Number of protein chains: 2
Amino acid sequence: MKMTYTIEQLKDYLKRHDIKPSTIRIKVLEYLLNNRIHPTADDIYQYLIGEIPTLSKTSVYNTLELFMEKGVVNALSLKEKELRYDINTYFHGHLKCEICGNVYDFPVSEEIINVEELKGFVIRNVDINVYGICKKCNEKNKEV
Amino acid sequence: MKMTYTIEQLKDYLKRHDIKPSTIRIKVLEYLLNNRIHPTADDIYQYLIGEIPTLSKTSVYNTLELFMEKGVVNALSLKEKELRYDINTYFHGHLKCEICGNVYDFPVSEEIINVEELKGFVIRNVDINVYGICKKCNEKNKEV
DNA sequence: TTTAATTTTGTATTAATTTCAATTTTATTA
DNA sequence: TAATAAAATTGAAATTAATACAAAATTAAA
Ligand SMILES: [Mn+2]
Ligand SMILES: [Mn+2]
Ligand SMILES: [Zn+2]
Ligand SMILES: [Zn+2]
């Protein structure tokens with residue numbers, strides 16, 4: 001894991017989002033910022049248990065719940081059992097490769113929701129999820 | 001429930017999708033065609049148990065699984081616990097009202113996925129999910 | 001320090017979905 | 001038609017991500 005943030009930066013990030021910094025919250029934030037792979041709660045737990053041996057999974061869930069309330073992360077509801085979490089809250093779409101399981105970002109125009117049928121709706125959130133095969137896996141397939 | 005399909009029509013619908021028609025499959029299909037509310041497996045079960053008292057929930061799941069394989073329905077993975085099922089497999093978006101819980105359709109241009117970043121990807125499926133407040137609930141709110 | 005507030009933990013619970021073997025129904029063959 | 005094979009359905013148990021919640025630990029305030 002590339003270490004690109006100081007503890008002070010992480011603390012400030014949390015404070016700016018109205019979150020009191022605790023060890024666990026700082027570590028979860030650090031993980032999310034340094035691993036932009038749309039991890040599941042378990043991904044985060046499995047990594048952090050190596051750093052905080054007393055960590056409970058409930059704490060990871062609590063932290064992510066708080067992060068969601070404060071707008072630090074978005075949850076991705078893809079066609080899979082577990083939720084994934086995204087520290088990038090800027091409007092964008094997701095592609096899940098059904099071969100390798102990776103979830104990639106791609107840009108989406110906000111124009112999508114400018115349709116007559118949505119006039120009168122209050123839009124709080126938009127999720128664009130694409131399922132298919134990523135470039136890498138596609139090229140690997142051709143070789144065979 | 002409006003009854004708009006004859007048993008023969010329902011049987012043909014299944015046959016055209018390479019599905020052997022059984023009583024349960026016909027009933028589930030009929031429910032889906034007549035109740036375009038994006039129901040959950042439990043919605044379907046709760047209604048059909050009144051018509052088929054011996055029905056098991058597993059059969060509803062089995063049927064929906066088969067329907068998905070054969071392209072009769074799509075599953076909607078919204079930000080909620082249960083999956084919903086949609087007999088309308090034509091490309092369109094969904095809006096979930098966070099007040100009344102209803103899920104509405106809206107048209108989406110397929111242009112969305114024509115972005116440079118998706119070149120090289122094989123796209124199998126696109127989900128557009130919007131969360132907010134529907135017109136009805138919004139107007140009800142204003143009154144208060 | 002003492003007390004109060006907050007955070008973290010661990011266990012139990014929930015609930016949608018899946019698994020799978022047994023049973024029932026339907027189709028095929030003799 | 002009866003016997004047999006194949007397919008569909010059932011029901012109970014297992015799975016598992018997420019939640020509830022009270023006790024314990026940590027941190028902040030008085
Ligand atoms: Mn993302
Ligand atoms: Mn729909
Ligand atoms: Zn891939
Ligand atoms: Zn509504």
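Here is the naming used below: chain letters follow the sequence lines, and residue numbers restart at 1 for every chain. Keep in mind it's a predicted model, so treat the numbers as computed, not measured.
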Backbone of B:Lys135 reached by a side-chain donor or acceptor of B:Asn138 within 3.5 Å: no

For B:Thr58 and A:Glu65, find the nucleotide of DNA chain D closest to each by heavy atoms; which residue's nucleotide sits nearer the 5' end? B:Thr58

Would you say B:Ser59 and B:Asn62 are linked by a side-chain donor-acceptor pair, where the criterion is simply a distance under 3.5 Å? no

Please say whether more than 12 non-hydrogen atoms of neighbouring residues, nucleotides or ligands are located less than 6.0 Å from NZ in A:Lys79. yes

Which donor-acceptor pairs under 3.5 Å do side chains of residues 99-115 of chain A form with protein atoms, sequence neighbours excluded?
from	atom 1	to	atom 2	distance (Å)
A:Asn102	ND2	A:Tyr104	OH	3.3
A:Asp105	OD1	A:His38	NE2	2.9
A:Asp105	OD1	A:His92	NE2	3.0
A:Asp105	OD1	A:His94	NE2	3.2
A:Ser109	OG	A:Glu111	N	2.9
A:Glu111	OE1	A:Asn114	ND2	3.2
A:Glu111	OE2	A:Asn114	ND2	3.4

DNA chain D contacts made by residues 12-23 of chain A, counting heavy atoms under 4.0 Å: none

Remember a base hit wins even if backbone is also touched, and classify A:Asp42 as base, sugar-phosphate or nothing at under 4.0 Å, heavy atoms. nothing

Donor-acceptor contact present, side-chain B:Asp12 to main-chain B:Gln9, <3.5 Å: no

For DNA chain D, note the earliest and the latest nucleotide, 5' to 3', having some atom under 4.0 Å of a heavy atom belonging to chain B. D:dA7 to D:dA12

A:Leu78 and A:Tyr131 have their tightest heavy-atom pair at CA-OH, 3.3 Å

Contact check, residues 72-89 of chain A vs DNA chain D, heavy-atom distance under 4.0 Å, returns A:Lys81, A:Glu82, A:Leu83

If every non-hydrogen atom of B:Ala41 is compared with every non-hydrogen atom of B:Tyr85, which pair is closest and at what distance? N-CE1, 4.0 Å

Non-hydrogen side-chain atoms of A:Tyr45 and A:Asp42 separated by less than 4.5 Å: yes

Can you check whether B:Arg25's main-chain N or O pairs, donor with acceptor, with B:Thr63's side chain at less than 3.5 Å? no

Should the heavy atoms of other residues, nucleotides or ligands under 6.0 Å from CD1 of A:Ile7 be counted, would the total exceed 12? no

First contact, last contact: which nucleotides of DNA chain C are these for chain A, 5' to 3', heavy-atom distance under 4.0 Å? C:dT6 to C:dT11

Taking all atoms of both residues into account, what is the closest heavy-atom pair of A:Leu83 and A:Ala75, and its distance? CD1-CB, 4.3 Å

Run the side chain to side chain contact (heavy atoms under 4.5 Å, CB included) check on A:Tyr13 and A:His17 step by step: do they pass? CA-CA 7 Å; A:Tyr13 195 109; A:His17 287 87; 3.6 Å; yes

Report all side-chain donor-acceptor pairs from residues 65-74 of chain B shorter than 3.5 Å, counting only partners two or more places apart or in another chain.
from	atom 1	to	atom 2	distance (Å)
B:Lys70	NZ	B:Asp18	OD2	3.0

Could you check whether B:Thr40 gets within reach of a base, just the sugar-phosphate, or nothing at all, counting any heavy atom under 4.0 Å? nothing

